[in-house]
Novice: 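Sharing a structure here in structure tokens format.
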Amino acid sequence: MGAAMRRIHVGNALSAFGLGFTVPYLYVYVAQVRGLGAMTAGLVLAVFAVAALIVLPFAGRAIVRRGPLPVLLVALVTAALGALSLGLASNGTTVLLSAAALGAGQAVMQPALATMIVDCSTSETRSRAFAMQFFLQNLGLGVGGLIGGHLVDTTKVSSFTLLFAIEAAMFLLLAVVMATVRMPRAPRIEGAPSASAKGSWKQLLGNRAMVQLCVLGFVLFFACYGQFESGLAAYGVEAAGISTSALGTALAANTAMIVVAQFAVLKFVERRRRSRVIAAVGIIWSVAWVVAGYAGLGHGSQAMATAAFVSTYALFGLGEAMLSPTVAPLVADLAPTGMAGQYNSAFALVKQLALAVGPAVGGPMGASLHAPYIVTFLLFSLGITYLALRLGRQLTPTQDHPWRARSRVVAQGGTQQEAIAA
């Protein structure tokens with residue numbers, strides 16, 4: 001890694017570390033500590049999603065026109081102000097406005113950082129770069145949440161103010177680190193078309209492979225990430241009798257699987273077709289839903305149900321570890337020259353839509369319609385496999401299997417252009 005990439009990875013870890021301090025305790029803080037009730041707490045979570053949906057369509061164009069670094073710095077300052085004001089807010093209006101600023105800043109960070117990774121990597125090194133990003137994000141969230149859990153005290157508002165102040169400080173520290181980054185020109189696949197910001201959304205929607213990837217991405221986030229803390233958690237408590245501590249263990253198992261497996265699966269993943277890797281994730285997640293079905297509907301012992309439920313989260317983590325070096329680099333390789341910011345923002349928008357719809361659909365089903373819930377999301381996981389294989393037919397050999405292109409370059413002693421032409 002070059003100096004710029006090292007700073008970007010440090011920045012990713014810092015932002016995740018800061019988020020880990022507050023994300024697990026946001027609902028408790030608003031509803032109980034500030035005494036604003038469950039309705040306001042629910043609105044705060046909705047505001048995060050709405051703010052992201054509003055700003056992301058504009059973020060992509062800003063990244064294309066201004067570059068990812070200035071956009072990231074504005075997002076970091078906005079998020080820091082939102083976090084600090086949220087820690088000091090004492091009424092519903094202030095809490096919602098602060099959550100909007102924090103949510104908007106966080107949402108813009110994702111495509112800005114992703115575009116910086118694209119600009120500092122090549123198509124051959126991109127999978128490893130995004131795998132490192134995902135690893136550090138999960139490690140930062142886990143460590144931040146662990147430390148935050150020891151600092152927080154539901155009887156003291158000041159302890160939560162401290163958490164939000166730490167989060168704001170991490171964002172500002174990240175801004176200082178990112179301000180020192182010198183961005184290189186983004187290396188691109190030879191022969192990729194160029195585009196301007198004008199008409200970029202129309203051009204994106206005309207890219208069949210990107211549209212199919214967005215549909216696939218929606219299903220991925222809807223059927224997995226959108227269920228972790230809503231439908232799947234409700235199903236575990238209501239159908240499988242999972243305790244709160246066991247639910248925490250399941251979430252820890254998910255993070256542990258990602259941290260342990262990320263680089264173990266990377267070499268396996270980057271040597272295979274991206275479309276087939278995503279298809280394999282659909283199969284793995286289908287098995288996870290079958291295991292979850294046993295946990296709640298299998299009439300086994302409580303110990304077996306708990307073990308099955310924890311295994312479900314671990315299997316999801318294995319799939320996530322396979323996706324991190326696959327999907328984000330594919331978005332970048334589908335983008336025309338100079339349009340990575342637009343494509344990253346579009347994919348982040350799809351992700352936010354899925355994360356908004358997923359809990360709304362899965363939460364009530366997981367709590368009361370146990371068998372239909374499992375069957376529904378089992379079918380969605382199988383749909384991932386179908387959509388991934390269909391997407392593979394729209395990709396060029398280099399987009400779907402960049403490792404083969406690199407191997408042929410090394411074997412022939414030629415250029416990337418020669419390998420593609422061959």
Novice: For residues Met5 and Ile117, report the shortest heavy-atom separation together with the two atoms involved.
Specialist: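 Heavy atoms of Met5 and Ile117 come nearest at CE-O, 3.7 Å.
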Novice: Decide yes or no on side-chain contact (heavy atoms from CB on, under 4.5 Å) for Glu320 and Val281, but give the supporting numbers first.
Specialist: CA-CA 8 Å; Glu320 292 174 75; Val281 171; over 6 Å; no
Novice: Look at atom OH of Tyr386 and say whether more than 12 heavy atoms of other residues, nucleotides or ligands are closer to it than 6.0 Å.
Specialist: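 Incorrect, the count does not exceed 12.
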Novice: Find out whether Thr326 and Ser127 are in side-chain contact, i.e. whether some heavy atom of one side chain is under 4.5 Å from a heavy atom of the other.
Specialist: no
Novice: Using 0.5 Å steps for rounding, measure from the NE2 atom of His9 to the SG atom of Cys120.
Specialist: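 Rounded to the nearest 0.5 Å, the NE2-SG separation comes out at 9.0 Å.
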Novice: For residues Val265 and Ala321, report the shortest heavy-atom separation together with the two atoms involved.
Specialist: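 Looks like CG2-O, 3.8 Å.
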Novice: Ser345 side chain to Gln342 main-chain N or O, any donor-acceptor pair under 3.5 Å?
Specialist: no
Novice: What residue among Arg273, Arg393, Arg272, Arg276 forms salt bridge (charged side-chain N to carboxylate O under 4.0 Å, His left out) with Asp400?
Specialist: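 Between Asp400 and the candidates, salt bridge (charged side-chain N to carboxylate O under 4.0 Å, His left out) is satisfied uniquely by Arg273.
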Novice: Should Tyr225 and Lys351 count as side-chain neighbours, where that means a heavy-atom distance under 4.5 Å?
Specialist: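 No - every pair of side-chain heavy atoms lies 4.5 Å or more apart.
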Novice: Heavy atoms, side chains only, cut-off 4.5 Å: are Met170 and Ser15 in contact?
Specialist: no
Novice: Evaluate side-chain contact (heavy atoms from CB on, under 4.5 Å) for Phe130 paired with Val327, printing each intermediate quantity in order.
Specialist: CA-CA 9 Å; Phe130 277 103; Val327 175; over 6 Å; no
Novice: Is there a donor-acceptor contact under 3.5 Å from the side chain of Gln227 to the main chain of Phe222?
Specialist: yes
Novice: Using side-chain contact (heavy atoms from CB on, under 4.5 Å), reason through Phe134 and Ile258 one step at a time and then give a plain yes or no.
Specialist: CA-CA 9 Å; Phe134 193 65; Ile258 293 169; 3.5 Å; yes
Novice: Is the ring pair Phe380/Phe377 parallel, tilted or perpendicular, if the boundaries are 30 and 60 degrees?
Specialist: tilted
Novice: Considering non-hydrogen atoms only, spot the tightest contact between Ala168 and Ala80 and give its length.
Specialist: CB-O, 3.4 Å
Novice: Should Met132 and Pro325 count as side-chain neighbours, where that means a heavy-atom distance under 4.5 Å?
Specialist: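 Contact flag for Met132/Pro325 side chains = no.
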Novice: Apply the test side-chain contact (heavy atoms from CB on, under 4.5 Å) to residues Leu172 and Leu76: give CA-CA distance (whole Å), side-chain angles for both, the deciding distance (0.1 Å), then the verdict.
Specialist: CA-CA 7 Å; Leu172 293 176; Leu76 288 169; over 6 Å; no
Novice: When you check the side-chain N and O atoms of Arg7 and Thr180, is any donor under 3.5 Å from an acceptor?
Specialist: yes
Novice: Could you state the interatomic distance from CG (Leu216) to OG (Ser275), rounded to the nearest 0.5 Å?
Specialist: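 Reported to 0.5 Å precision, the distance equals 10.0 Å.
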Novice: Can a donor-acceptor pair be found, under 3.5 Å and without considering hydrogens, that links the side chain of Thr40 to the backbone of Leu36?
Specialist: yes
Novice: Has Gln399 got a side-chain atom pairing as donor or acceptor with Thr396's backbone, closer than 3.5 angstrom?
Specialist: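 Side chain of Gln399 to backbone of Thr396, a donor-acceptor pair under 3.5 Å: yes, one is there.
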Novice: For the atom pair CG (Leu220) and SG (Cys214), what is the distance rounded to the nearest 0.5 Å?
Specialist: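 That separation rounds to 11.5 Å.
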Novice: Grab the two heavy atoms, one from Ala332 and one from Val118, that are nearest each other, plus how far apart they are.
Specialist: CB-CG2, 3.4 Å
Novice: Between Gln110 and Asn344, do the side chains contain a donor N or O and an acceptor N or O under 3.5 Å apart?
Specialist: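 On atom types as modelled, these side chains do not qualify, holding no pair under 3.5 Å.
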Novice: Within the side chain of Arg61, is there an N or O that forms a donor-acceptor pair under 3.5 Å with the backbone of Pro57?
Specialist: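 Pair absent, no side-chain N/O of Arg61 close to backbone of Pro57.
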Novice: Look up atom CZ in Phe171 and atom CD in Gln106, then write down how far apart they are to the nearest 0.5 Å.
Specialist: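 Spacing of CZ (Phe171) from CD (Gln106) equals 5.0 Å.
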Novice: What verdict does the ring-ring contact (aromatic ring centres under 6.0 Å, His included) test give for Trp289 and Phe316, after you've listed the backbone C-alpha separation in whole Å, the side-chain angles of each residue and the deciding distance to 0.1 Å?
Specialist: CA-CA 9 Å; Trp289 284 110; Phe316 277 122; 5.5 Å; yes
Novice: Please check: side-chain N/O of Tyr373 versus main-chain N/O of Pro364, any donor-acceptor pairing under 3.5 Å?
Specialist: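 Judged by distance alone, no pair lies under 3.5 Å.
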Novice: Quick one: CG on Leu391 to CD1 on Ile278, what's the gap to the nearest 0.5 Å?
Specialist: 6.5 Å
Novice: Hydrogens and angles aside, do Ser381 and Ser286 bring a side-chain donor and acceptor to less than 3.5 Å of each other?
Specialist: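 No donor-acceptor contact under 3.5 Å links the two side chains.
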Novice: Looking only at heavy atoms, what is the nearest atom pair of Leu395 and Ala209, with distance?
Specialist: CD2-CB, 4.1 Å
Novice: Are the side chains of Leu387 and Gln212 in contact, using a 4.5 Å heavy-atom criterion?
Specialist: no
Novice: Side-chain contact test, heavy atoms from C-beta onward, threshold under 4.5 Å: evaluate it for Phe218 versus Phe347 and give yes or no.
Specialist: no
Novice: I'd like to know if the side chain of Asn254 and the backbone of Ala250 have a donor-acceptor N/O pair within less than 3.5 Å.
Specialist: no
Novice: Measuring only between side-chain heavy atoms, which start at C-beta, is Val33 closer than 4.5 Å to Lys156?
Specialist: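 They are not in side-chain contact.
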Novice: Would Phe309 and Tyr313 satisfy ring-ring contact (aromatic ring centres under 6.0 Å, His included), going step by step from the backbone distance to the final call?
Specialist: CA-CA 7 Å; Phe309 193 74; Tyr313 274 77; 5.3 Å; yes
Novice: May I ask you to check whether Gln262 and Ser324 show a side-chain donor-acceptor distance below 3.5 Å?
Specialist: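 Looking only at side-chain atoms, Ser324 and Gln262 do form a donor-acceptor pair, the distance falling under 3.5 Å.
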Novice: Distance from Ser158 atom OG to Leu162 atom CG, nearest 0.5 Å?
Specialist: 8.0 Å
Novice: Please tell me if the side chains of Leu353 and Phe221 come closer than 4.5 Å, counting only heavy atoms from C-beta onward.
Specialist: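 The answer is no; the side chains never approach within 4.5 Å.
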Novice: Which atom names give the shortest non-hydrogen contact between Asn207 and Leu334, and what distance separates them?
Specialist: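 Heavy-atom minimum between the residues: ND2-O, 3.5 Å.
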Novice: Go through Arg274 and Asp333 one step at a time and tell me if the salt bridge (charged side-chain N to carboxylate O under 4.0 Å, His left out) criterion holds.
Specialist: CA-CA 12 Å; Arg274 288 165 169 171; Asp333 288 347; 2.9 Å; yes
Novice: Between Arg34 and Ala89, is there a donor-acceptor pair closer than 3.5 Å when you use the side chain of the first and the backbone of the second?
Specialist: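 Checked: pair present.
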